[in-house]
Each structure stands twice: as structure tokens, then as C-alpha cells.
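First the structure, in the form of C-alpha cells, and then the observations on it.
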Amino acid sequence: MVKADAALRAAAKRIDRLDAEVLLAHLVDVSRLKLLLWPWQTIDVDAFDRLVDRRAAGEPVAYITGQREFWSLVLRVTPDVLIPRPDSETLIEAALDHFAATPGPARVLDLGTGSGALLLSALTEWPAARGVGVDTSDAALRIAAENAVTAGVDERTTFVHGGWDAGEGVFDLVLCNPPYVATGETLPRDVVDWEPAAALFAGADGLDDYRVLAPLIAGYVAPGGVACIEIGSTQANAVTSLFAAHGLSVALRHDLAGLPRCLVVTK
Ligand code: GLN
């Protein structure tokens, strides 16, 4: 048998030390903190090595453990869905600000819901809200539906298979993290080899999906409502122009790194 601290030291020579801690905590089913407080416990080193091998081969930690935290939720993720990024929490912060002095949105639409991260976060923030999650991937919708059950909001959630125009009706809050990476852009191998290309790439300039979304968004947003739309950090001017051309007002919100990350779109 091998003790946890020795196993971690060995693993840290092959993969990032933090990744090793997360994988070992997952294996022994304790929190990372508890693992670090208990370094002398013995572990199944063969099982741990198999996880470390997968990470060393490039598989993202979230797909190995099958979960990722986002906002206040622990979401199940598989290679059928994009791994939720902390950057996307900027959209939830923007929505919270927009509805700060109000009872909150009653109807929420999440276009390209993936794991359900944005929709389910919104529904946990506003317990009276009902939400619709749209995605072109049936596999993603199954994961999102599972996550809705875990988050305890499934009775307020509907999932719809379809593209950007598949939402029906108007919504107080529209959330959308579309693909926005230019096809020629080089992404880290663990992203491009593992995460769904359909959730990442959007044509030669990365703007293809915004071109389709811009004319649709005005129709989705109810009076007094808002659309919070994620953008790539270099796309603020280009995407603002696309939405402004449809008569929408656009403000920008920055992520924790100080980069423009969210268009706050109102009518
Ligand atoms: N932020 C993602 C990245 O790692 C891109 C997600 C997206 O295209 N919506 O590049």
C-alpha cells in the first residue's frame, strides 16, 4: 500500500499537483482539504495511477471526475458538454445586477445550455423563476436534465432540442454562451481534443453564431428584460456592432481577469 502524500508526490512529477489532488480526492471520495489533512492514509495506487495516466494523456480533470463546480452548483459533465468556465459566471453576475431592485425574472431562456450551468444557476438564484434550456445536442440535454434534478429545479425547467431560434415566447432573462472561437485559433490540446467542437468553434472569425443570434435576441427579450451573452475577450466591438445594428442597447461586463466577457443587451 502507498500513502497519499507519497502517491501525490509521484503524481506531481507527471501532472499538475492541484490536478493530482483533485483526482485523488475523487478516488477516495473525500474533499481535497480532508485529503491534505490526512496524508498518511493508504490508497489504491493502481486505481490512482489509472486516473493520473488519463490526465497525463490530456483528458481534462472534469471529464475524469465527471463533475465541475459552477456558481453554487456541482454539475455532472461529460465530453458531450463544454466544461463550465468561471468566466461564464460573469453572465450570472450581470443578471443579478440587472434584476437587483426587482423580484427577479419570471421566465429564463438559456440558448446552448450544454451542462445547464447558466440556466440552473439562474433558477437557484430566483426560486420563483421558470426556465427553458435549448441545445442542438440530445446528449447535452440529457446531462442538463440530470443536473436540473440534482440542483432541485427540474420542476421549473423545460429542455428543448433545437438551434438559436428554438425558444418560444418572450423571456425576462436570456442567457447564452455560444461558440465563439475562430476556426484557425489554436486552443490548448486538452480543450480541442476533448471538448465538443460544436460548443467552441464559430467560423473564420468566431462570430458566425452572433450573426444569427443578433436578429433573434430582440424577439426573445421581454420589456424590462435583459440578454446576457458571453463573448471572447477580443470580440467586444465586433459583437456590440452586430447587436446594436438591430436596435438593441449594449453594455459590457468584464470577468475577474478584467477582460470584456459579457454583453448586457436590453431593448
Ligand atoms: N471560453 C472557452 C475557451 O476556453 C470558449 C467557450 C466558447 O466558445 N463559448 O476558449
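All ligand and atom numbering here is 1-based and tracks the order in the structure. Everything numeric in this text was worked out from a predicted model, so none of it was measured.
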Query raised in the report: Could R85 and E195 be called an ion pair, given the rule that one side-chain N must be under 4.0 Å from one carboxylate O?
Result: yes
**Report entry** Carboxylate-amine/guanidinium proximity below 4.0 Å for D16 and R55
**Finding:** no
Report task. Verify, without hydrogens or angle tests, whether R156 (side chain) and L123 (backbone) share a donor-acceptor contact under 3.5 angstrom. Result ->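 Indeed, once roles are kept as given, a pair shorter than 3.5 Å links the two residues.
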Query - E21 and D19, any side-chain heavy atoms less than 4.5 Å apart - result: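 No, their side chains stay 4.5 Å or more apart.
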Name every donor-acceptor pair, under 3.5 Å, that has one atom in a side chain of residues 175-184 and the other anywhere in the protein, sequence neighbours excluded.
| residue | atom | partner | partner atom | Å |
| --- | --- | --- | --- | --- |
| Y180 | OH | E230 | OE2 | 2.6 |
| Y180 | OH | R261 | NH1 | 3.2 |
| T183 | OG1 | G203 | O | 3.3 |

Query raised in the report: What residue among E93, E89, E125 forms side-chain hydrogen bond (donor to acceptor under 3.5 Å, both in side chains) with W71?
Result: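 Going through the options one by one, the only one that passes is E125.
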N/O contact list for ligand 1, threshold under 3.5 Å:
| residue | atom | partner | partner atom | Å |
| --- | --- | --- | --- | --- |
| ligand 1 | 1 (N) | Y180 | OH | 3.1 |
| ligand 1 | 4 (O) | R85 | NE | 3.3 |
| ligand 1 | 4 (O) | R85 | NH2 | 2.9 |
| ligand 1 | 8 (O) | Y180 | N | 3.1 |
| ligand 1 | 8 (O) | L200 | O | 3.4 |
| ligand 1 | 9 (N) | N177 | OD1 | 2.8 |
| ligand 1 | 9 (N) | P178 | O | 2.7 |

